[in-house]
Amino acid sequence: MQYTLPKGVFDVLPEGKDWNRSDHWQYVEEIMRQTAHTYGFKEIRTPIFEKSELFIRAVGEVTDVVTKEMYTFLDKADRSLSLRPEGTAAVMRSFIENRLETINTFHKYFYIGPMFRYERPQAGRYRQFHHFGAEAIGNGSPEQDVEIIDMLWELYRRLGLQDLTILINSVGDASSRLAYKTALSKYLHVHFQELSPESQVRFSKNILRILDSKNDQDQKILEHAPSLRDYLNEECQTHFNRVLELLTKLKLPYIVNSKLVRGLDYYNKTVFEITANALGAQNAIVGGGRYDGLIADLGGPSLPSVGFATGIERVLQTMIHQKAAFPPAPHPFLFIISLGKESLDYCLTLLYQLRHLQIPSEMDFGSKKIQQSLQVANHLGATFCLIIGETELSLQKGNLKNMTSRENIEIPLSELTSYIMNLFFLSQKE
Ligand code: HAM
């Protein structure tokens with residue numbers, strides 16, 4: 001019997017060919033951490049599962065995420081737990097539970113980790129996927145919204161992404177939305193029979209979600225629907241205008257998309273997505289927005305907040321597609337080949353010594369022919385190979401081979417360590 005992966009998940013391997021190569025993941029995660037630190041966000045880590053009621057309350061009882069996509073199970077004491085489908089709810093739970101508002105009223109957190117949604121898997125859509133998310137708690141200003149978007153833009157610039165589009169909208173506050181929902185419901189009521197079955201369900205459950213229906217007929221009907229923007233009250237309108245003004249000042253290219261409503265219920269005012277034109281149907285590399293009422297709704301203090309989460313798989317896929325540069329994979333600087341038993345202890349001592357000097361070094365302990373060992377060294381991408389056998393020991397000279405130029409040089413064993421150290425430090429400066 002051969003065991004295989006469940007549907008919708010994947011392995012990340014050092015030998016991965018493409019976006020699922022572990023050194024590519026490490027690089028992208030490192031740039032994410034560095035960018036977060038540049039903008040003053042600090043790391044928060046929450047558990048992978050939480051009580052189900054947290055997500056039901058925060059994400060929304062009638063959202064697809066809660067009704068169809070959560071991995072929910074009972075533990076041995078019959079408690080309902082769920083694998084986290086997103087990070088915002090958990091960060092807010094942690095913020096409230098740890099009473100972090102008593103330390104300060106302004107907090108900026110980021111997180112990197114796996115999320116779980118039972119969705120139909122396809123390219124760019126998985127059942128376990130990874131978020132780099134950030135949440136700024138305690139500041140309700142449009143400047144804070146723009147800081148979040150600018151941080152993303154800077155992250156994608158550092159990663160070498162191109163051809164991205166910022167889609168932005170305001171979903172207003174509760175009172176603007178109520179007025180809009182009434183107008184939209186009046187308009188769609190007339191077209192109810194022509195709507196797709198999914199939108200007919202959304203009509204009574206969550207009418208705003210009809211706006212981001214993928215059905216062509218629904219979209220045709222929506223062409224003449226009232227626009228959410230016309231129903232924003234003055235405060236929401238002023239907030240949104242200032243966001244757009246700042247984006248223009250920062251030369252961040254955006255498109256106002258009045259149909260962008262997002263699939264999670266906690267948003268108010270600014271919502272946004274960034275799409276990568278290189279990706280297919282699943283082209284949103286990030287989603288985010290403001291959620292001023294969520295913390296109070298979960299029983300915490302009333303603090304406005306804004307955040308985002310970017311899908312790491314989709315970021316990596318875009319980078320691969322656009323041929324963005326990655327640093328070279330980790331590889332040994334020196335590969336030591338010991339020919340015969342006599343030289344083994346000498347080579348091992350050298351290997352330990354170099355590793356303790358933090359010089360990446362490798363040795364194949366199985367006895368092999370010199371050509372086979374050179375092949376292994378080549379495969380691992382070693383910069384140099386050192387060959388030492390009985391002859392080299394008796395002559396007290398090692399044979400150092402440059403694996404790129406294929407040049408060989410003889411080095412007295414007494415000078416070997418300092419010679420390799422020099423070579424290594426010079427290579428680090430290049
Ligand atoms: P979201 O739009 O549900 O937002 O997810 C954010 C991003 O995660 C998406 O734009 C996409 O890149 C990626 N993503 C979502 N589902 C999948 C999947 N099944 N497979 C691969 N990638 C996926 C949130 O989760 C909010 N918590 C964002 C947020 C933070 N809003 C405020 N703060």
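When a ligand or atom number is given, it counts from 1 through the structure's own listing order.
In this structure, K51 does not pair ionically with D75, as no charged nitrogen and carboxylate oxygen lie closer than 4.0 Å. By the 4.0 Å N-to-carboxylate-O rule, E119 lies too far from K7 to be salt-bridged with it.
Both cation-pi conditions hold for R127 and Y118: the charged atom is under 6.0 angstrom from the six-membered ring centre and inside a 45 degree cone around its axis.
When heavy-atom distances to ligand 1 are checked against a 4.0 Å cut-off, V65 has no atom that comes that close, whether in backbone or side chain. Contact annotation for F272 and ligand 1: no heavy atom of the residue comes within less than 4.0 Å of the ligand.
Shown are V271, V306, I148; of these, the side chain to side chain contact (heavy atoms under 4.5 Å, CB included) with R290 is made only by V306.
Taking a 4.0 Å cut-off on heavy atoms, E273 fails to register as neighbouring ligand 1. Taking a 4.0 Å cut-off on heavy atoms, H131 registers as neighbouring ligand 1. Heavy atoms of G133 come nearer than 4.0 angstrom to ligand 1 in no pair at all.
When only interatomic distances are considered, the shortest N/O to N/O separation between E119 and ligand 1 falls below 3.5 Å.
Across the listed options H130, R314, R117, M115, R117 owns the non-hydrogen atom lying nearest to atom 25 (O) of ligand 1.
Side-chain atoms of N233 and S175, non-hydrogen and from C-beta on, do get closer than 4.5 Å to each other. Residues F240 and V256 meet the side-chain proximity criterion, which asks for heavy atoms closer than 4.5 Å.
Every atom of ligand 1 with a heavy atom of Y267 under 4.0 Å away is listed here by number and element: 26 (C), 28 (C), 29 (C), 31 (N), 32 (C). Close contacts between ligand 1 and G124 involve ligand atoms 20 (N), 21 (C), 22 (N) [criterion: under 4.0 Å to a heavy atom].
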Practice item. Go through E198 and V201 one step at a time and tell me if the side-chain contact (heavy atoms from CB on, under 4.5 Å) criterion holds. Key: CA-CA 5 Å; E198 200 174 7; V201 174; 5.7 Å; no

